[in-house]
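Input: a single structure, listed below in structure tokens.
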Amino acid sequence: MTTIDPGPPGALRIAPSILAADFGELAARVHDIDAETDWLHVDVMDGHFVPNVSIGPPVVRSLRPYSTRFFDCHLMMSEPGRYLEAFQKAGANGCTVHVEVGGTATLIKEARALGLRVGLAANPDTPFDKVAPFLGDIDLLLLMTVFPGFGGQSFMADVMPKVVSARREVDEQRLALDIEVDGGIDVTTAPVAVRSGANVLVAGSAIFAAPAPLEAAHALRESARG
Ligand code: DX5
Ligand code: ZN
């Protein structure tokens, strides 16, 4: 597996979501924004956990030689355990599974045993108590700011109290944990999410649908610095 330093937990990171990029030119589009990319966010949709399908391990494998960035794979799948090894072998550095699918403790162990950095995701309507018991066992908490399945949706500001609770808990317990937000992140909403306690910002449309993606990623980073 490619060993790539994810950077210090809690540091601001921009994670462009390739879901919004032209898949026919993926390597070139990823290369265009490399200078402003900390992690590359790979959205995997199985048509079951979410009502949409996207990409899987072969795309991760194809993209791997074109990027030295940390591949942050967001598995929107009902049975992520069946695919963790395939993602790891394809070149994923971190895999995030959804708490709503259950079997969380086992999935965390399996991902860890594969040498993956481990993330746990929660949908907008999933309460903080569902993820709280696992905070000591994971590297990343992904708090969705849209219902997963599609890019280009509007940021749900009502998720921010959950981000605040997560940040408070992480700080109180002194956990080495990243808090990631995903969905509707742009120069207006990024500062809101960062002020609430998020440090990893996933952005698809705001970067890849912009006329100048590299500049858009830079602007996003600047907006998040406040
Ligand atoms: C939603 C995905 C997101 C999505 C973000 O299901 O998990 O990563 O691509 O897209 P934007 O930034 O366009 O909301
Ligand atoms: Zn995502």
Side-chain angles (χ1 to χ4, degrees), residues 6 13-23 26 29-30 33 36-56 59-60 63 69-78 80 83 87 92-101 116-126 131 138-160 163 178-194 198-211 213-214 216-221 223-224:
R13 291 193 199 86
I14 304 297
S17 162
I18 62 172
L19 187 67
D22 180 344
F23 284 171
L26 204 44
R29 297 292 78 85
V30 163
I33 52 148
E36 293 291 345
T37 304
D38 298 305
W39 293 359
L40 200 66
H41 188 78
V42 179
D43 282 310
V44 179
M45 302 178 180
D46 67 351
H48 189 260
F49 178 67
V50 288
N52 198 4
V53 287
S54 59
I55 53 170
V59 176
V60 173
L63 209 47
R69 302 299 174 184
F70 182 91
F71 280 10
D72 169 40
C73 296
H74 175 195
L75 307 186
M76 288 164 271
M77 311 179 86
S78 298
Y83 303 96
F87 278 102
N93 304 105
C95 280
T96 296
V97 298
H98 270 262
V99 71
E100 296 84 7
V101 304
L116 290 162
R117 207 164 183 271
V118 185
L120 186 62
N123 282 344
D125 60 353
T126 297
V131 292
I138 57 176
D139 304 301
L140 169 89
L141 178 65
L142 167 52
L143 296 174
M144 293 301 300
T145 43
V146 297
F147 281 94
F150 300 91
Q153 304 182 76
S154 298
F155 176 79
M156 296 171 66
D158 54 353
V159 174
M160 291 305 102
V163 178
D178 288 303
I179 299 178
E180 182 175 61
V181 283
D182 183 3
I185 301 296
D186 59 20
V187 292
T188 307
T189 57
V192 176
V194 168
N199 69 287
V200 184
L201 303 173
V202 175
S205 316
I207 294 176
F208 287 107
L214 182 67
H218 181 74
L220 188 66
R221 189 187 297 279
S223 76

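One-based numbering, in listed order, for ligands and for the atoms of each. Because the structure is predicted, anything quoted here is derived from the model rather than measured.
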- Parallel, tilted or perpendicular, as decided by the 30° and 60° cut-offs, for the rings of His74 and His98: parallel
- How close do Leu116 and Cys95 get, heavy atom to heavy atom, and via which atoms? CD1-SG, 3.9 Å
- Item | Validation row: Asp46, Tyr83 side chains within 4.5 angstrom (heavy atoms) | no
- Message: With a 4.5 Å cut-off on side-chain heavy atoms, are Asp139 and Asp178 touching?
- Response: no
- atom 12 (O) of ligand 1 [closest protein heavy-atom partner, distance rounded to 0.1 Å]: Gly204 N, 2.7 Å
- Message: With a 4.5 Å cut-off on side-chain heavy atoms, are Arg117 and Phe70 touching?
- Response: yes
- Task: Just give me the atom name: the N, O or S atom of His74 closest to the Zn ion (ligand 2).
- Result: ND1
- Message: Using a 4.0 Å cutoff against the non-hydrogen atoms of His41, which atoms of ligand 1 qualify?
- Response: 8 (O)
- Message: Looking at every non-hydrogen atom in both residues, tell me the closest pair between Ala21 and Phe208 and how far apart they are.
- Response: CB-CD2, 3.6 Å
- Task: Identify the protein heavy atom lying closest to atom 1 (C) of ligand 1, giving its residue, its atom name and the separation to 0.1 Å.
- Result: Phe150 O, 3.6 Å
- Note on the structure: Phe147 and Gln153 have their tightest heavy-atom pair at O-NE2, 2.7 Å
- Task: Under 4.0 Å from a heavy atom of Pro148: give me the atoms of ligand 1 that qualify, with their elements.
- Result: 6 (O)
- Task: Hey, could you give me the OG/CD1 distance between Ser205 and Ile185, rounded to the nearest 0.5 Å?
- Result: 11.0 Å
- Item | Residue Leu19 vicinity, atoms of ligand 1 by number, heavy atom under 4.0 Å | 9 (O)
- Between Phe71 and Ile18, is any pair of side-chain heavy atoms under 4.5 Å apart? no
- Message: Is it the case that ligand 1 has an N or O less than 3.5 angstrom from some N or O of Ala203?
- Response: no
- Message: In the structure I gave you, are the side-chain heavy atoms of Glu36 and Leu220 within less than 4.5 Å of one another anywhere?
- Response: no
- Note on the structure: for atom 11 (P) of ligand 1, nearest protein heavy atom and its distance come out as Gly152 N, 3.6 Å
- Task: Starting from atom 14 (O) of ligand 1, locate the nearest protein heavy atom and write down its residue, its atom name and how far away it is, to 0.1 Å.
- Result: Gly184 N, 2.8 Å
- Task: Enumerate the atoms of ligand 1 whose separation from the nearest heavy atom of Met144 is less than 4.0 angstrom.
- Result: 7 (O)
- Can you spot which of Ile207, Asp43, Asp72, Val42 makes a side-chain contact (heavy atoms from CB on, under 4.5 Å) with Ser17? Asp43
- atom 13 (O) of ligand 1 [closest protein heavy-atom partner, distance rounded to 0.1 Å]: Ser205 OG, 2.4 Å
- Task: Give the atoms of ligand 1, by number and element, whose distance to some non-hydrogen atom of His74 is under 4.0 Å.
- Result: 7 (O)
- Message: Out of the candidates Val50, Ile55, Leu75, only one should pair with Met45 under the side-chain contact (heavy atoms from CB on, under 4.5 Å) rule; please name it.
- Response: Val50
- Message: Checking a contact table here: which protein heavy atom is nearest atom 6 (O) of ligand 1, and how many Å away?
- Response: Gly149 N, 2.7 Å
- for atom 5 (C) of ligand 1, nearest protein heavy atom and its distance come out as Asp182 OD1, 3.5 Å
- Item | Atoms in ligand 1 with a heavy atom of Val202 nearer than 4.0 Å | 8 (O)
- Task: Work out whether the distance between some heavy atom of Ala206 and some atom of ligand 1 is less than 4.0 Å.
- Result: no
- Message: Against ligand 1, does Ala20 come closer than 4.0 Å with any heavy atom?
- Response: no
- Taking only heavy atoms of Gly183, which atoms of ligand 1 are found under 4.0 Å from at least one of them? 14 (O)
- Task: Quick one: look up the protein heavy atom nearest atom 10 (O) of ligand 1 and list residue, atom name and how far away it is.
- Result: Gly151 CA, 3.6 Å
- Message: Only heavy atoms of Met45, strictly under 4.0 Å: list the atoms of ligand 1 that pass.
- Response: 6 (O)
